[in-house]
Amino acid sequence: SEADVVTLTPIVGASPSRWWLEVTDAAGDHIRGLRTAGTAGTVSWDARADDGFVSESGSYLLVLNAVDAQGNVGEVCAESVRIEQHVELP
């Protein structure tokens, strides 16, 4: 099945060497973790869990962390999103 995409593009003063996006559900359970390298801070979540399946309808918290060259981690932003799955009948 298809999924929409949520994209986070934060503006930061420093230049991180990589990014880590943690997605959790309303209960705080881990849904997806995404890593990207480079100083560009655009990270996208396709509403899929780590197992590749589209996440169920509900609220999710996306927390984007920046990691610098020394390994220091800092939270850049947190965004709450809601997924609504709609079933189309033939």
Side-chain angles (χ1 to χ4, degrees):
S1 51
E2 293 184 29
D4 290 329
V5 175
V6 176
T7 301
L8 299 175
T9 309
I11 298 171
V12 294
S15 295
S17 59
R18 58 190 191 274
W19 300 89
W20 169 252
L21 179 66
E22 173 87 29
V23 180
T24 57
D25 63 14
D29 295 326
H30 173 86
I31 299 298
R32 183 94 186 254
L34 299 166
R35 295 174 195 229
T36 62
T39 58
T42 299
V43 181
S44 298
W45 177 50
D46 60 2
R48 295 182 185 278
D50 282 336
D51 62 10
F53 289 100
V54 176
S55 299
E56 296 179 11
S57 294
S59 295
Y60 295 85
L61 180 64
L62 284 66
V63 177
L64 184 62
N65 294 297
V67 184
D68 68 14
Q70 291 75 36
N72 299 308
V73 178
E75 184 177 309
V76 176
C77 65
E79 190 69 35
S80 179
V81 297
R82 178 145 182 88
I83 293 176
E84 294 290 336
Q85 290 211 22
H86 301 280
V87 176
E88 293 185 23
L89 300 175

Student: Specify the closest pair of heavy atoms between R48 and V54, including all atoms of both residues, with the distance to one decimal.
Tutor: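 Here R48 and V54 meet closest at NH1-CG2, 3.3 Å.
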Student: Shortest non-hydrogen contact from W20 to G33?
Tutor: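 Nearest pair, atom of W20 first, then G33: CH2-CA, 3.5 Å.
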Student: If a pair satisfies salt bridge (Lys or Arg N to Asp or Glu O under 4.0 Å) and one of its residues is in residues 22-31, list it, with sequence neighbours excluded.
Tutor: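 Of all non-adjacent pairs touching residues 22-31, none passes salt bridge (Lys or Arg N to Asp or Glu O under 4.0 Å).
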Student: So which heavy atom on A49 is nearest to which on S55, and how close?
Tutor: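 Reported closest heavy-atom pair: N-OG, 3.8 Å.
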Student: Under 3.5 Å, which donor-acceptor pairs link side chains of residues 58-67 to any protein atom two or more places apart or in another chain?
Tutor:
from, atom 1, to, atom 2, distance (Å)
Y60, OH, E56, N, 3.4
Y60, OH, E56, O, 2.7

Student: What residues form a side-chain hydrogen bond (donor to acceptor under 3.5 Å, both in side chains) with T24, not counting sequence neighbours?
Tutor: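 Listed in chain order: nothing, the list is empty.
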Student: Going by side-chain heavy atoms closer than 4.5 Å, which hydrophobic residues are tied to F53, directly or by a chain of links?
Tutor: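 Other cluster members: none.
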Student: Show, in sequence, the C-alpha distance, side-chain angles and deciding distance for V23 and H30, and conclude whether the side chain to side chain contact (heavy atoms under 4.5 Å, CB included) test is met.
Tutor: CA-CA 6 Å; V23 180; H30 173 86; over 6 Å; no
Student: Could I get the full list of side-chain contact (heavy atoms from CB on, under 4.5 Å) partners for A26, not counting sequence neighbours?
Tutor: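 Partners of A26 under the side-chain contact (heavy atoms from CB on, under 4.5 Å) test: none.
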